[in-house]
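As structure tokens, the structure follows; a few thoughts come after it.
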Number of protein chains: 2
Amino acid sequence: MRPSKREELIEKSLFVFDQNGFHATGMDLLSAEIGMSKTSIYNHFRTKEDLIVEVLRLQDEQFRNWLLRRMYDLGTANHGGPREQLLAMFDALDEWFNHDNFNGCLFLKATGEYSDHEHPIHRQAIEHAEMFEIQLLALVKKASLRLPELVTRQLLILKDGAVSAAQVGHINSAAKDARYAAQCLIDTHDTSKRKPVQTSFAF
Amino acid sequence: MRPSKREELIEKSLFVFDQNGFHATGMDLLSAEIGMSKTSIYNHFRTKEDLIVEVLRLQDEQFRNWLLRRMYDLGTANHGGPREQLLAMFDALDEWFNHDNFNGCLFLKATGEYSDHEHPIHRQAIEHAEMFEIQLLALVKKASLRLPELVTRQLLILKDGAVSAAQVGHINSAAKDARYAAQCLIDTHDTSKRKPVQTSFAF
DNA sequence: AGCAAAATGAACAAATCGGTTTAATAACTC
DNA sequence: GAGTTATTAAACCGATTTGTTCATTTTGCT
């Protein structure tokens, strides 16, 4: 059929939900905001929750595509390798944080508003986190770091923490602060360098 | 007057809002959940938002008190100093994460649901973050670390990131992962140790 | 016991919620 | 250009939203 209208609906809904929150955004407001009749919306989606799930699916795809692409572009600029790409994640985040429409992580907000772990919206958010972890782990392994799973989870913590800090704390050195921390972690686990800080752990 | 009833109302509301979210919790449900008539609730608070602000104020006080106290108790157990107290933050977080009622950070959820930066609820969440940063900075300074402001912000990022990871990612090594990362950061900024960061290739 | 304050349940109001219906219009296909 | 399909605005539905009113009961104080 014609995917453009439906895709446009999801895309615009993504923006409104991101700015206003899920429960706080009524379907009448949404309809007015995205310039599409409520009848049409409900012609494309059975329920509001179905729409939200699709919104999260789109955001999952868009966000991972954007971030990984940006990591690659920024990281390989000066003949950088996997290590530079990992660090470039925080440069990309910095761009995001300083964007006008930055309003925190949509997935985190989704789990906050739909706290039931079995709720489709909640599960969609978890799925996003899992898929990004897989992709990040692949890059960490390319960087030849010790304990790649641990480092991956730590980098994810730094990323999520930076997002939270940027959302709640007006001041924004969050991305840079996280970058320094990541540098420290990566150096510590670099196999081409000496210095394992302390006794290893089994993971 | 008699503070116990009002305090009890705030305390129970805190639990319900934490589990259900703010917009998703109607006043009728709240009334039923905390076992107090709606009339009485509105006798104590003019609006729902006023109640939420007070809930966040209580959570601010309770959370900071609990975390700092727990950091002190756990950190000074084996004759530990400020450094051990800082690391103990993540042990305390681990306890929190594994608690039955853990449902993420209430302040983050508040900023997510009330995204207007000037909204009293949003401001209350920001205020909490600022106050905890001040207290953590004091402890970091006692630990005699280089660049104490930076390290403080980085520890906060690790904390918030661990909370996010524990909320969205079911699996919970978040607190431990963040602890190792913090250890790495603290060691790197320890004035009593040599700096192992850059090209220290000494075998 | 007696009095005043506090708490209650239930009904009520006005607005909004998610979602449906309908009749008319716009747009694409053959 | 005819016919199908998609889209529209607006009215409508019952349930729920925040918040109020009021008459009754419970409570705390002396």
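Naming: A, B, ... by sequence-line order, numbering from 1 per chain.
Only one option out of A:Leu139, A:Val140, A:Leu136 pairs with A:Pro148 in a side chain to side chain contact (heavy atoms under 4.5 Å, CB included); it is A:Val140.
The side-chain hydrogen bond (donor to acceptor under 3.5 Å, both in side chains) search around A:Ser13 returns none, not counting sequence neighbours. Applying the side chain to side chain contact (heavy atoms under 4.5 Å, CB included) rule to B:Asn101 yields the partners B:Phe15, B:Gln19, B:His99; only residues at least two apart in sequence or on another chain are considered. Partners of B:Glu95 by salt bridge (Lys or Arg N to Asp or Glu O under 4.0 Å), not counting sequence neighbours, listed by chain and number: B:Arg70. Every residue meeting the salt bridge (Lys or Arg N to Asp or Glu O under 4.0 Å) condition with A:Lys12, not counting sequence neighbours, appears here in chain and number order: A:Glu8. A search for salt bridge (Lys or Arg N to Asp or Glu O under 4.0 Å) contacts involving A:Lys38 returns A:Asp28, not counting sequence neighbours. Take A:Asp177 and apply the salt bridge (Lys or Arg N to Asp or Glu O under 4.0 Å) test, not counting sequence neighbours, and it matches B:Arg153. Every residue meeting the side chain to side chain contact (heavy atoms under 4.5 Å, CB included) condition with B:Gln59, not counting sequence neighbours, appears here in chain and number order: B:Leu14, B:Gln62, B:Phe63, B:Leu106, B:Phe107.
Between its opening and closing five pairs, the helix from C:dA1-D:dT30 to C:dA27-D:dT4 changes axis direction by 30°, a value rounded to 10 degrees.
DNA chain D lies under 4.0 Å from at least one heavy atom of each of the following residues of residues 20-27 of chain B: B:Thr25, B:Gly26, B:Met27. Listed by residue number, there are no residues of residues 28-37 of chain A with a heavy-atom contact under 4.0 Å to DNA chain C.
Salt-bridge check for A:Asp116 with A:Arg123: failed, with every basic side-chain N at 4.0 Å or more from each acidic carboxylate O.
Looking only at atom types and distance, the side chain of B:His44 has no donor-acceptor partner in the side chain of B:Glu54 under 3.5 Å away.
In this structure, A:Glu49 places its CD atom 10 Å from P of C:dG18, rounding to the nearest Å. In this structure, NE2 of B:His44 is placed 8 Å from P of C:dA6, rounded to the nearest angstrom. Going from atom CG of B:Leu51 over to atom P of D:dG19 covers 10 Å, rounded to whole Å. With rounding to whole Å, A:Ile41 atom CD1 is found 9 Å from D:dT8 atom P. Atom NZ in B:Lys5 sits roughly 19 Å away from atom P in C:dA5 (whole-Å rounding).
Residue pairs meeting the salt bridge (charged side-chain N to carboxylate O under 4.0 Å, His left out) criterion with at least one partner in residues 102-111 of chain A, sequence neighbours excluded, are A:Asp18-A:Lys109.
Environment of OH in A:Tyr42: crowded, with over 12 heavy atoms of neighbouring residues, nucleotides or ligands closer than 6.0 Å.
For D:dA6, neither phosphate oxygen OP1 nor OP2 lies less than 4.0 angstrom from any side-chain nitrogen or oxygen of A:Ser40.
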Can you tabulate the close N/O pairs, meaning under 3.5 Å, that link protein atoms to atoms of nucleotides 20-26 of chain D?
from, atom 1, to, atom 2, distance (Å)
D:dT21, O4, B:Thr39, OG1, 3.4

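A distance-only check finds no donor-acceptor pair linking the side chain of A:Ser31 to the backbone of A:Met27 [under 3.5 Å].
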